[in-house]
Number of protein chains: 2
Amino acid sequence: MTDEIELPGEVTLLWGLRETVRRGRKPSLTVADITRAAVEVADAEGLAAVSMARVAAQLGNSTMALYRYVKSKDELLLLMSDAALDGPPDLPDGLDWRTGLTLWARSLLKVLQRHPWTVQIPISGPPVGPNNLWWFDRALRALGDTGLDEEDKVGVVMGLLTFVHGELRLSTELSKGYAENPEAFGRQYGKALARVVDAQRFPALGKVIAAGVFEGEVPYDEEVEGEFGLGLFLDGVAAFIERRAAGQG
Amino acid sequence: MTDEIELPGEVTLLWGLRETVRRGRKPSLTVADITRAAVEVADAEGLAAVSMARVAAQLGNSTMALYRYVKSKDELLLLMSDAALDGPPDLPDGLDWRTGLTLWARSLLKVLQRHPWTVQIPISGPPVGPNNLWWFDRALRALGDTGLDEEDKVGVVMGLLTFVHGELRLSTELSKGYAENPEAFGRQYGKALARVVDAQRFPALGKVIAAGVFEGEVPYDEEVEGEFGLGLFLDGVAAFIERRAAGQG
DNA sequence: CTCTTAAGCGTATGTCATACGCAATTATCC
DNA sequence: GGATAATTGCGTATGACATACGCTTAAGAG
């Protein structure tokens, strides 16, 4: 309990465990203020617009003032990526794992889609932020009645997280591209492919194009595609749970 | 056939379909040269080191010369992300779909891991580069004997791509973090979590920590974790194929 | 041989993260 | 209560970056 472990800097920062100030001028900002302002800027103008100067302007302070609260921009990005995850939904108790995880994944996707810039922030380490861990906890809880051991649960949740991340990346960046240039997506895309794809070199793709799969308005529908892939993954989890229940590794 | 469709600029660029030059000074570079140099820089020093100036220096040219071949840095990044995918493996014919897709996904992951910076490049649209399409084609081909219709095949491959992307992002960025700061991962991580995680607020996570799952050296082993998640996903695909074979949507 | 066209490249602009040092302000100690 | 020490606020400076612009130069067309 009184184990004297030095907590890493990022951890104390994310959890707001900075030592109480003793002497000197009173801080006029808080780390939370700065994070909130940065998130506002990112939501409104995209991650590219988040510069130290821009965030400081949002707060009515000077650029360099921020560096008294945050060691670097990277640290600010770390804070932002935790702040973007507001608390997870309180799933009703007594759900079977599949319903629970489906709801969980959908909510996560929805939350992340409200802050699409999260995907662009590089991951710098294992999750340590309170909100990240909160979500993690809720997913683990949904797996409570499956009989999996703790390590397997972590594996499943990691896999699901991986999938949601990939999903988010594809869906947000494609839909951004779509918004910027709708022409490139609809029929244009199919036609351009048809022109360029040689059936000799790309036989399977040729068949798909011939079947008209890319003729629709948008070849990639976030909603549908996301549900489809998620369903596939959860089918896999179901099979895994059964295999474990049947007793072998 | 002689449909007069204007191909989008990126397409002609990626496929090397630029008009033949007529008059004027001979170009001393090619788009391929520039792309190759940029990839070299990214491989050796990371994507952050890829500046127009750095790439030009690599080629012994001046910065601004590159802009004669490439409209912007973003265009160069697009070229790089296609170039990073050398051709897909020629899968032996007659494999069942699962073996084929497993090999495919592993190869893709391996190729991408040799160019880890690919994950950091934003996706700007649906795949149009020749190498991207080549890989796509090979995955579709592996699904040839499943009886799925073309649209479903596309869905499955998209899902798998999504997963591999998420996988890659997690694994490369975490392992980079690990290389930079090994301390933060091993026991340190478990201990720090234990200090900060309140069993009241994070009951399920608390159990996992108590079970010692995070006590190992590295909580996230790319190899193992990747195979695990991939297996789950493919189990899901198997279930889906059976469902379709059984006749209902 | 001249003209047209496109390539090479120096310069300039504006944005960015961030190091550094000084001034302003506050809590503590005598 | 006045001195001291700590700590924030912020102006300035630096060096990297993408990229616009325009001049110079080379190569083919007539």
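Naming: A, B, ... by sequence-line order, numbering from 1 per chain.
M52(A) comes within contact range of the sugar-phosphate backbone alone, with a heavy-atom separation under 4.0 Å but no base atom that close.
Map V50(B) and S62(A) each onto its nearest nucleotide of DNA chain D; the residue landing nearer the 5' end is S62(A). Nearer to the 5' terminus of DNA chain C, by closest-nucleotide assignment, is the contact made by A49(A) (compared with the other of A49(A) and R68(A)). In this structure, S28(B) and R54(A) both approach DNA chain C, and ranking their closest nucleotides by distance from the 5' end singles out S28(B).
If you check dC10(D), dA18(D), dC16(C) against the side chain of M64(A), the one that comes closest is dC10(D). Closest contact between the side chain of N61(A) and the listed nucleotides dG10(C), dC10(D), dT18(C) involves dC10(D). When the nucleotides dG11(D), dT19(D), dT26(C) are ranked by their closest atom to the side chain of K26(A), dT26(C) comes out on top. Checking dC20(C), dC17(D), dA7(C) against the side-chain heavy atoms of S51(B) singles out dC17(D) as nearest. When distances are taken from the side chain of Y69(A) to each of dT19(D), dT8(D), dA7(C), the shortest belongs to dT8(D).
Between F233(B) and F163(B), the ring planes are parallel. Angles under 30° get that label, and only those over 60° would be called perpendicular.
The CG atom of L76(B) sits 14 Å away from the C1' atom of dC17(D) (whole-angstrom rounding). Whole-Å rounding puts the D33(B) CG to dA7(C) P distance at 14 Å. Between the CG atom of L29(B) and the C1' atom of dA6(C) there is a distance of 14 Å, rounded to whole Å. The CD-C1' distance, from E45(A) to dT15(C), rounds to 15 Å in whole Å. Regarding L59(A), its CG atom lies at a distance of 15 Å from the C1' atom of dC10(D), rounded to whole Å. Between the CG atom of L66(B) and the C1' atom of dA20(D) there is a distance of 15 Å, given to the nearest Å. Distance, Y67(A) OH to dG21(C) P: 17 Å, rounded to whole Å. Atom-to-atom, NZ of K73(A) to P of dA16(D) comes out at 18 Å; the value is rounded to the nearest Å.
For the atom pair CG (L77(B)) and OG1 (T35(B)), the distance works out to 10.5 Å, reported to the nearest 0.5 Å.
Residues V31(B) and Y69(B) come closest through the heavy atom pair CG2-O, 3.8 Å. Between E167(B) and T162(A), the closest heavy-atom pair is N-CG2, 3.0 Å.
The main-chain N or O of L29(A) is never found under 3.5 Å from a side-chain atom of R68(A) such that the two would form a donor-acceptor pair.
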